[in-house]
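Within every chain, numbering begins at 1; the chains are lettered A, B, ... in the order of the sequence lines, protein sequences first and strands thereafter. Just so it is clear, the values below take in all heavy atoms, side chains as well, and ignore hydrogens, waters and symmetry mates.
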Amino acid sequence: MKNQEIAKIFYEIADFLEMEGVQFKPYAYQKAALTLETLEKDVGEIYKEGGKEALEKISGVGKSIAEKIEEYLKTGKIKYYQGLKKKTPVQMEELTAVEGMGPRKAKILYQKLGIRNLKDLEKAAKTHKIAPLFGFGEKTEKNILEGIAFLKKSKGRFLLGDILPQVKEILEKLKALKEVEQISPAGSVRRMKETIGDVDILITTKDAKKVMDFFVQLPGITKVWMKGPTKSSVRMEQGFDVDLRVVKKKSYGSALQYFTGSKEHNIVTRRIAMEKGLKLSEYGLFKGKKMIAGWYEAGIYKALGLPWIAPELRENQGEIEAGLAGKLPKLIGHQDIKGDLHCHSKWDGGSNTIEEIVEMAEKMGYQYIGIADHTRFLRIEHGLDEKRLAQQRKEIDSLNEKLKNFQILQGAETNILPDGSIDIKDEALAKLDYVIAGVHSSMKMEKTKMTERIIKAMENPHVDIISHPTGRILKRRDEYQVDFDKILRAAKETGTILEINSFSERLDLNDQNIRRAKEAGVKMVINTDAHYKDQLRFIELGIAQARRGWAEKKDIINTYPLEKLLTFFR
DNA sequence: GCCGTTTTCGGCCCGACTGTTTTCAGTCG
């Protein structure tokens with residue numbers, strides 16, 4: 001699937017154009033990239049079926065961009081892009097990944113100091129070459145160094161949401177081989193950790209050579225690190241590595257247990273085995289030389305006196321103790337979700353009409369969908385004011401009349417202004433089915449003030465949900481300063497729901513905070529924050545995060561059937 | 001470069017914030 005590759009190039013083209021001060025075009029490329037990135041269907045497939053005309057039907061793709069997609073599909077490159085790169089040979093993606101660095105600064109730094117990549121940038125900042133430049137200064141230089149330090153901290157790890165589609169594709173292809181008997185991802189992918197170092201896949205087969213031959217020639221592989229009968233390792237185009245291991249059938253369960261980890265979890269399972277006079281390894285659970293468990297994973301746990309533990313819980317955060325005591329949570333699952341309460345529609349610049357979103361939601365088996373567009377303060381997101389909210393209400397009401405066994409709810413993602421007030425008048429809030437409020441500005445506020453700000457919003461009787469409560473962006477910025485215990489107390493007192501945002505770089509609340517919320521008796525909602533209908537599928541990531549936070553069905557309000565949910569909001 | 005309930009050309013990408021300035025440019029959401 002070439003969608004991600006092409007999207008990445010378009011983002012870079014946008015940056016190059018922005019660097020040159022071109023107007024509007026960068027926006028067009030970004031928009032096309034965003035659509036491509038979240039497109040369910042392979043553009044190669046679309047092109048094969050309907051040619052260039054079909055490409056032009058993709059939202060944000062016109063004649064010129066369709067030609068570039070075609071060129072890439074045919075030749076594997078885009079001349080226009082290469083020309084831009086040649087003109088200014090900088091590692092744009094690398095440089096703009098630094099918080100506070102954009103294309104314009106990159107251009108100046110290239111022209112004045114010849115900075116082409118992150119390494120050059122760090123060197124220049126450390127030797128104080130940047131501060132004296134016109135338009136730069138001490139603080140900018142310091143911020144650049146801090147930005148680089150943050151990047152390094154998360155370096156080498158990939159967002160689960162970014163690599164999961166590719167991993168699934170590899171799994172499907174391997175599964176389709178008749179030589180493959182059993183197959184499963186292991187490691188942090190199986191534990192659905194928010195970031196992944198590399199991908200492990202385990203299989204059993206009678207013909208390892210054939211499977212390995214097939215594996216190392218899969219599309220999207222740029223390098224084969226090693227290829228052997230029991231382990232092969234490759235590097236994918238996106239930069240992450242995939243290891244494929246062939247294990248013996250009788251050891252499949254123990255290998256799966258071993259390679260799923262986490263390391264900390266396994267230390268404890270091995271210790272329990274030792275205490276029982278047993279030995280646990282990737283090859284099996286042994287009593288002396290006799291193997292007593294190993295062909296299936298649950299058998300290992302059973303022999304250790306434990307119920308099977310869901311991979312999402314295996315972090316040695318009390319799951320083993322809970323297992324021994326028979327107190328493991330009954331984790332929330334995909335089938336429990338009845339709807340999504342945070343979707344953006346065309347009304348605020350999202351790419352789909354409410355009708356299109358509804359169609360997708362019905363396809364996903366939902367009973368309801370909540371449209372929660374941005375409100376007035378966020379002008380860039382075409383935030384809705386009171387008047388447009390009222391207009392939208394009319395559209396939703398008339399759509400609802402036509403729908404059977406499905407309902408659209410009107411919410412809004414309002415903004416918590418720096419003083420804690422909401423950017424929409426109370427009278428208008430009262431007319432919505434529910435209200436989400438989130439911080440979208442002044443994120444560097446001091447801790448006490450930020451905490452008070454959010455609590456004030458929760459105290460507004462119309463506010464039901466706080467979106468992405470800590471504001472962190474994975475690999476980019478930390479959460480804002482906030483006293484989470486105080487937030488939890490206020491949420492409990494005011495009956496405010498905290499959101500688990502499913503966007504791969506947000507996943508906010510994180511696993512730890514979900515667990516704290518659950519323990520504090522605070523209800524949560526798993527939302528996607530979809531700006532494109534295909535992004536409704538991100539719910540998978542939010543559910544995984546909720547499971548990592550030990551959340552059960554009863555902790556999550558969008559497991560409620562429609563009537564119960566409406567009563568709850570009322 | 002894309003798009004169309006403002007519809008085939010003219011509008012889109014606004015406003016806060018930061019860090020640099022002395023009136024503003026760049027970045028971010």
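- For the P atoms, the distance linking B:dT21 with B:dG26 amounts to 13 Å, nearest Å.
- The pair A:D485-A:R516 meets the salt-bridge criterion, with a side-chain N (NZ, NE, NH1 or NH2) lying under 4.0 Å from an Asp/Glu carboxylate O.
- The CD1-P distance, from A:I130 to B:dG19, rounds to 15 Å in whole Å.
- Using a 4.0 Å cut-off on heavy atoms, the residues of residues 67-84 of chain A that approach DNA chain B are A:K68, listed by number.
- Between A:Y29 and B:dG1 there is a side-chain polar atom (N or O) within less than 4.0 angstrom of OP1 or OP2.
- Closest to the A:P26 side chain, of the nucleotides B:dG19, B:dG1, B:dC13, is B:dC13.
- Of all nucleotides listed (B:dT27, B:dG29, B:dG1), B:dG29 comes nearest to the side chain of A:M443.
- Rounded to a whole Å, the NZ atom of A:K444 is 13 Å from the P atom of B:dC17.
- Checked against the 6.0 Å centroid threshold, A:F406 and A:Y366 do not count as a close aromatic pair.
- Under the stacking criterion of a centre-to-centre distance below 5.5 angstrom and an interplanar angle below 30°, A:F24 sits stacked against the six-membered ring of B:dC12.
- Taking atom C1' in both B:dG1 and B:dT8, the straight-line distance is 14 Å, to the nearest Å.
- Ion pair A:K41/A:E49 flagged as a salt bridge, since at least one NZ, NE, NH1 or NH2 atom sits closer than 4.0 Å to an Asp/Glu carboxylate oxygen.
- Contacts of A:S441 with the nucleic acid, taken as non-hydrogen atoms under 4.0 Å apart, are absent.
- Taking the C1' atom of each, B:dT23 and B:dG29 are spaced 25 Å apart, rounded to whole Å.
- Atom C1' of nucleotide B:dG26 and atom CD1 of A:I108 are separated by 8 Å, given to the nearest angstrom.
- When the side-chain nitrogen and oxygen atoms of A:K105 are compared with OP1 and OP2 of B:dG26, none of them lie within a distance under 4.0 Å.
- Searching all strands for a Watson-Crick or G-U wobble partner of B:dC12 with both distances below 3.5 Å returns B:dG1.
- A gap of 23 Å separates the P atoms of B:dC9 and B:dC14, to the nearest Å.
- Atom-to-atom, NZ of A:K25 to P of B:dC2 comes out at 9 Å; the value is rounded to the nearest Å.
- Taking atom NZ of residue A:K112 and atom P of nucleotide B:dG26, one finds them 13 Å apart after rounding to whole Å.
- A salt bridge does not link A:E53 with A:K57: none of the charged nitrogens is closer than 4.0 Å to a carboxylate oxygen.
- Put simply, CG on A:L133 is 15 Å from C1' on B:dA25, counting in whole angstrom units.
- Contact annotation for A:E138: backbone-only contact, meaning every heavy-atom pair under 4.0 Å involves sugar-phosphate atoms and none involves a base.
- In this structure, A:R548 does not pair ionically with A:E194, as no charged nitrogen and carboxylate oxygen lie closer than 4.0 Å.
- If you measure from atom CG of A:L417 to atom P of B:dC17, you get 10 Å, rounded to the nearest angstrom.
- Each of A:R104 and A:G62 has a nearest nucleotide on DNA chain B; the 5'-most of these lies closest to A:G62.
- A:N143 has no side-chain polar atom (N or O) that falls below the 4.0 Å cut-off from OP1 or OP2 of B:dT18.
- Separation of the C1' atoms belonging to B:dC2 and B:dC13 is 14 Å when rounded to the nearest angstrom.
- Looking at A:R515 and A:D555, no side-chain N of the basic residue comes within less than 4.0 Å of a carboxylate O on the acidic one, giving no salt bridge.
- Residue A:D426 places its CG atom among more than 12 non-hydrogen atoms of other residues, nucleotides or ligands, all under 6.0 Å distant.
- At a threshold of 4.0 angstrom between heavy atoms, the contacts of A:K63 are confined to the sugar-phosphate backbone, with no base atom among them.
- A:F134 comes within 4.0 angstrom of nothing in the nucleic acid, heavy atoms only.
- Taking only side-chain atoms of A:K139, from C-beta outward, the nucleotide of B:dT20, B:dC2, B:dG26 with the closest atom is B:dT20.
- Rounded to the nearest Å, the gap between the P atom of B:dC12 and that of B:dC17 is 24 Å.
- When distances are taken from the side chain of A:S442 to each of B:dG1, B:dG19, B:dC17, the shortest belongs to B:dC17.
- For the pair A:E386 and A:R376, the salt-bridge criterion is met [side-chain N within less than 4.0 Å of a carboxylate O].
- The residues A:E540 and A:K168 are annotated as salt-bridged, a charged nitrogen and a carboxylate oxygen being separated by less than 4.0 angstrom.
- With salt bridges taken as basic N to acidic carboxylate O contacts below 4.0 Å, none links A:K142 and A:E138.
- For the C1' atoms, the distance from B:dG15 to B:dG10 is 23 Å, rounded to whole Å.
- Distance CD (A:Q23) to P (B:dC12): 12 Å, rounded to an integer number of Å.
- For the P atoms, the distance from B:dT20 to B:dA25 is 16 Å, rounded to whole Å.
- Closest contact between the side chain of A:S64 and the listed nucleotides B:dG19, B:dG4, B:dG1 involves B:dG1.
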